[in-house]
Q: 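The structure that follows is given in the form of structure tokens.
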Protein chains: 2
Amino acid sequence: MPELRKDPIVDRWVIIAKNRAQRPQELDSALHTRAPGPCPFCEGNERATTPEVLAFREPGSAIDAAGWRVRVVPNKFPALTTEGGSEHRGEGLYQSLPGFGAHEVIIESPRHLVSTSELTHDGLCEVIAAYRDRLLALKADRRLVHAMVFKNAGAAAGASIEHVHSQLIALPVTPTAVQEELDAALAFHQQRRCCIFCDLVERERASGERMVLDLPGFVAICPFASRFPFETWIVPTAHQSHFESITHAAICELALALREAIRRIETALNRPAYNYVIHTAPFDTSDLGHYHWHIEVAPRLTKIAGFEWGAGYYINPAPPEEAAAFLRSAEVDFTTPQNVPIKEAR
Amino acid sequence: MPELRKDPIVDRWVIIAKNRAQRPQELDSALHTRAPGPCPFCEGNERATTPEVLAFREPGSAIDAAGWRVRVVPNKFPALTTEGGSEHRGEGLYQSLPGFGAHEVIIESPRHLVSTSELTHDGLCEVIAAYRDRLLALKADRRLVHAMVFKNAGAAAGASIEHVHSQLIALPVTPTAVQEELDAALAFHQQRRCCIFCDLVERERASGERMVLDLPGFVAICPFASRFPFETWIVPTAHQSHFESITHAAICELALALREAIRRIETALNRPAYNYVIHTAPFDTSDLGHYHWHIEVAPRLTKIAGFEWGAGYYINPAPPEEAAAFLRSAEVDFTTPQNVPIKEAR
């Protein structure tokens, strides 16, 4: 029988309906999304992008030229701009703000790789360090309140470019999804005097049935009210509200956990398109006892259709306990990618 | 410059970013979504579905046989079942309910049409009457609190079957998206003593810039904080909280407005995939002064990607004022489809 599950943190119900998985459906899940023409993100094609705002480079290499390992550039088609103020406009019922903010692209490798799992360990550590450095830089602009790092990998996940990359959007307002977590986590903390995410990690470790990974510093779990099949959260085991406070040691641990989680998803599900997002506390708060940053990873195996959009509820055909067991048993190749070209630059 | 707009009803911001429309992107927007084999929804193939719960039939025709005009059947792969109780289960942080509810399919024509715009006027009136009749029937079950009617047309909109149809899901809980509207509308009503939707209709009629249609009984508008390009809401001009209270006369008016809105979207945008949902008040309330049912229509031209999912915010490259002007100017063929087969039954 199907089950309605309430998310333990926010006020959101999910319908776990296993038999729906038998429904004939076209799975639009390819990770590859070739566009015509040369790849603007490959080393050597730096002039195809906007000028870089950050790059980790070989000594002596010139900015906006070859010789980088990770490179951050403003999005060429930004949803927001860093020009103009942030004054509020209101007219009757209608409120608006100028679209002030930052929309940046983190190019994760100079080579034409397509997934996080193909990065070397050092490469992924530098990607995470770039996330942190950009958040710290944007936080210095007092007009910005929050930045969300996200990855779209594969056309079904919304990517228009195949080359391994992620993005961030910094805004003068806190996104709804983060604000709902903040509000619910604060209410829990006021009642129980502990962080709901810390409590969750402890419960999941105790039961084990939704655990995917339990590594030094980080766990990966399929959450109780997973919205998507094989949704996986990566949560630091030590309490920390702001992602940008991550230490160098924790970056190395996160790289191991993130890559293994994605590699398990790719092995078990034949390299699906996927998204991940980092949920972190707003810039205008300091260390919060009630909030705990984390990464939410979702392979894109199902379509968001009328019901999900109209109701704000999700129908998930894969019970998270079964998804976690399947991911735990995936036979993953644990060798770390070496620095050899998987594909040639285009 | 892009603009951040707050929805006038719920607490949701949208980024209106026109230049994003220039971004190279694969538009996955075909309305046709052929599956192999005979179509289970065509007349004559009634045995391919579950037994009907409602049908408008020719006199003398047998149930679950040919001779129907609109037919409602339980979904063959239901997200919910009508067996079992609705007792709440709680275990620590984790709450769940049995997946009690109804998941039905409204087959809108015996012929193999693919869009609402291809139905005859009488045919669409009967589809809307079927929505109403099923809501009234489900409302009689006191365990159910809400039913949402929705349509997925085209694979990009989540449809797995091409034949023109819609669905409904009835639940023992009110969906988040409706609850948020109810809460916000109640707060507005307490402060201003009027319905926010009635106020919106009046403002939009006065300004005209986001109006698509102003017909007897119904308006169609592109909402101020549209989440999707060419998002269009169809709102009754007379206050009414519960869709199932719709009169026969209003059904005829709604059929005209809904078909013309969809036909304008199809003409302007070359027949995209689309969704629509009916937002209506919960079963366990009676006439509410603060809430106003309406239909939200969204062509699926953009993908819901990592940012939208992770933030709960949307990036819309089409300002609603421009979308409305474009839809108003679409040269629509106003002849009503006659009862001739557009495609043969499969």
Side-chain angles (χ1 to χ4, degrees), chain A residues 1-6 8 11-13 15-17 19-20 22-26 35 77-81 83-84 92-99 148 150-152 155 157-158 160 169 173 175-177 199-200 203 224 275-277 279 296 298 303-307 309-313 315, chain B residues 1-6 8 11-13 15-17 19-20 22-26 35 77-81 83-84 92-99 148 150-152 155 157-158 160 169 173 175-177 199-200 203 224 275-277 279 296 298 303-307 309-313 315:
Chain A
M1 178 164 186
E3 192 180 25
L4 278 162
R5 294 188 176 187
K6 190 183 168 300
D11 190 15
R12 177 178 64 221
W13 290 81
I15 303 170
I16 307 285
N19 64 334
R20 295 277 294 168
Q22 297 151 26
R23 188 169 69 118
Q25 209 194 12
E26 188 196 341
F77 301 95
L80 300 148
T81 73
E83 292 144 39
L93 286 177
Y94 301 133
Q95 293 176 55
S96 65
L97 290 171
M148 178 162 292
F150 62 100
K151 176 183 283 263
N152 303 336
S160 51
I169 287 186
V173 284
T176 311
D199 194 36
L200 261 179
R203 281 167 200 271
F224 174 74
N275 296 109
Y276 68 67
V277 295
H279 276 185
E296 302 184 3
K303 289 234 167 63
I304 296 177
F307 179 70
W309 164 59
Y313 281 12
I315 301 173
Chain B
M1 179 163 185
E3 192 180 24
L4 278 162
R5 293 187 177 188
K6 190 181 168 302
D11 190 16
R12 178 178 65 221
W13 289 83
I15 303 170
I16 307 285
N19 63 334
R20 295 277 293 168
Q22 297 150 23
R23 188 168 71 117
Q25 207 192 13
E26 189 196 340
F77 303 95
L80 301 147
T81 73
E83 292 145 37
L93 286 178
Y94 301 132
Q95 294 176 55
S96 65
L97 290 172
M148 179 163 291
F150 62 100
K151 176 183 283 262
N152 304 335
S160 52
I169 288 186
V173 285
T176 311
D199 194 36
L200 261 178
R203 281 168 200 271
F224 174 74
N275 297 109
Y276 68 68
V277 296
H279 276 185
E296 303 183 2
K303 291 234 168 64
I304 296 177
F307 179 71
W309 163 58
Y313 281 11
I315 300 173

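Proteins come first, then strands; the chains are lettered A, B, ... in the order of their sequence lines, and each starts at number 1.
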Q: By side chain to side chain contact (heavy atoms under 4.5 Å, CB included), which residues pair with Ala298(A), not counting sequence neighbours?
A: Phe228(A), Trp309(B)

Q: Can you find a pair of side-chain heavy atoms, one from Val173(A) and one from Tyr313(B), that are under 4.5 Å apart?
A: yes

Q: In chain order, what residues pass the ring pair (Phe, Tyr, Trp, His ring centres under 6.0 Å) check against Tyr276(B), with sequence neighbours excluded?
A: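 Once residues adjacent in sequence are excluded, Tyr276(B) has no partner under the ring pair (Phe, Tyr, Trp, His ring centres under 6.0 Å) criterion.
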
Q: For a quick test of reading the model, state the closest non-hydrogen atom pair linking Gln95(B) to Phe224(A) and the distance between them.
A: O-CE2, 3.4 Å

Q: For Ala305(B), is there any backbone N or O sitting under 3.5 Å from a side-chain donor or acceptor partner on Asn275(A)?
A: no

Q: Restricting to non-hydrogen atoms, name the atom on Pro175(A) and the atom on Ala311(B) that form the minimum distance, rounded to 0.1 Å.
A: CB-O, 3.4 Å

Q: So, for Ala177(B) and Gly310(A), which heavy atoms are closest and what is the spacing to 0.1 Å?
A: CB-O, 3.2 Å

Q: So which atom in Asn152(B) and which in Phe307(A) form the shortest heavy-atom distance, rounded to 0.1 Å?
A: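 Looking at all heavy atoms of both residues, the closest pair is OD1-N, 4.5 Å.
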
